[in-house]
Amino acid sequence: MKTQPEKIIIFDTTLRDGEQCPGATLNIDEKLVIAKQLARLGVDVIEAGFAFASPGDFEAVNKIAQIVGTENGPVICSLARAIQEDIKAAAQAIEPAAKKRIHTFIATSDIHLKYKLRKSRQEVLAIAEEMVAYAKSFTDDIEFSPEDAGRSDPEFLYEVLEKAIAAGATTVNIPDTVGYTTPTEFGALIKGIKENVPNIDQAIISVHGHNDLGLAVANFLEAVKNGARQLECTINGIGERAGNAALEELVMALHVRRQYFNPFLGRPAESEEPLTNIDTKQIYRTSRMVSNLTGMLVQPNKAIVGANAFAHESGIHQDGVLKNKLTYEIMDAQLIGLTENQIVLGKHSGRNAFRTRLRELGYEPTETELNKAFVRFKEVADKKKEITDWDLEAIVNDEIQQAPDLFKLELVQVSCGSNAKPTATVTLRNPEGDELIDAAIGTGPVDAVYKAINRVINVPNQLIEFSVQSVTAGIDAIGEVTIRLRYQDRVFSGHAANTDIIVASAQAYVNALNRLYAWLQNQPKQEEVTA
Ligand code: KIV
Ligand code: ZN
């Protein structure tokens, strides 16, 4: 018999549902770096992807299972539709992990049954039972999700969950797929499941929810009060449409308000024992990494990880905080790892010190990556006296993010100023190794650079987002540029960091165009589409 745990299980789906954000596509190396950081953060389960979706997805799940799925590491999970081929691919992909889970799902709402699946309730019931049993033939740890549970008939939901648990599901996940429910309704749904599914004590109740009405986190907290013990969430709340419940918000709500939540987990209110296994000091670093690698910016007023989350603007607030932090602060910035940046390295630091500090920050670059990053470090150190941890992370994330390395930016030169026409010259090397040079005039220096690059790469696209942020304070700070561009109905992002924001802008654009170019190369030719 499975009893509900005393701690809340954190199931991270940044690499699966999070990656479903338009433009958030990650390559395998980027996924691996994020998975390692998620393990450092202390998540209990990593949903590493949807193995059947593509060979690339399969490889990413498989690599994460091999490298991150160690004995003391998190459970590695792959999503699978309730279809044999999906489940088989998931099982093969997670095979190398010490702790592995298959997460299979089928929709249960009448809307989905009628319009999407075109199946009766009896058919769905039979498929759920059969596919959970099939998944169980590969591994013991099986999660089952009735998709669109939030809009499903509760009586039918109870029946499906009972059958899934009887067939071997060890976790039953209740998704509010379209972000439709309110906290009271979602709490009542979990309560109803606890009271009406006869074998519910043999499974852990999990929740998954989207943020279409901005209620995902509130819904989850209500679910915890009613018996949910696993929360499915993403870093920075990224995900399909309006995203998922944000990990950092859930974890910090459970931490800051633990006296309120403790009794719902059968503990004395004053218990200081953490409610999750998350190392909160890793939150800020993880948020930055996910934002950099996915190109999904964090809004400044975002709870916990936004740039303004710990800033006090009003004079009255500043005065209060100076007198006593408790006046306007409910948590310390140190708790999420937002401590003062240490000055760690300078231009006289050698490779060994560089490598050692990267290791301390959790990066294990290959020799080639280290060499490339070290060259960048020296370039930055020549211009910027003090290199902080944030600078180092910007440099390393930038190097990891370079792939696919199709077009290489070799040189960018601009001339601009008052009474001058902004003019840019760029030199790029194409995938065949040819040097291509072009120049353009624009409304400003970045516009001129982008026009010059367009003349070389020549893939029509629409720039839909351009943002510059500085990594640290100071006039010599590294600037990070994030851009998103649209090609037909797809979005591609690019990110780059440099002390020269024109160079960073050019590199971010080339990175995004490389992603678009790689995607175009993988598209079937017109004859294959119509065949
Ligand atoms: O939103 C959803 O319903 C999902 C399921 C696959 C769990 O992502
Ligand atoms: Zn989802």
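Both ligands and their constituent atoms are indexed starting at 1 by order of listing. We number each residue from 1, following the sequence as shown.
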Side-chain atoms of residues 83-94: list all donor-acceptor pairs with protein atoms under 3.5 Å, sequence neighbours left out, distances to 0.1 Å.
residue, atom, partner, partner atom, Å
Asp86, OD1, Arg81, NH2, 3.0
Asp86, OD2, Arg81, N, 2.8
Asp86, OD2, Arg81, NE, 3.0

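Closer than 4.0 angstrom to ligand 1 by heavy atom are Arg16, Asp17, His103, Phe105, Ser145, Glu147, Asn173, Pro175, Thr177, His208, His210, sorted by chain and number.
Neither side chain, Asn308 nor Asn301, offers a donor N or O lying under 3.5 Å from an acceptor on the other.
Taking the six-membered ring where the residue is Trp, His208 and His210 present tilted rings, their angle falling between 30° and 60°.
Remark: Arg257 is positioned above the aromatic ring of Tyr260, its terminal NZ or CZ atom under 6.0 angstrom from the ring centre and at most 45 degrees off the axis. Remark: Arg121 qualifies as a cation-pi partner of Phe156 under the 6.0 Å distance and 45° angle criteria applied to the six-membered ring.
Salt bridge status for Lys31 with Glu19: present, with a side-chain N to carboxylate O gap under 4.0 Å.
Geometry at the Zn ion (ligand 2): OD2/Asp17 and NE2/His210 form an angle of 100°, nearest 10 degrees.
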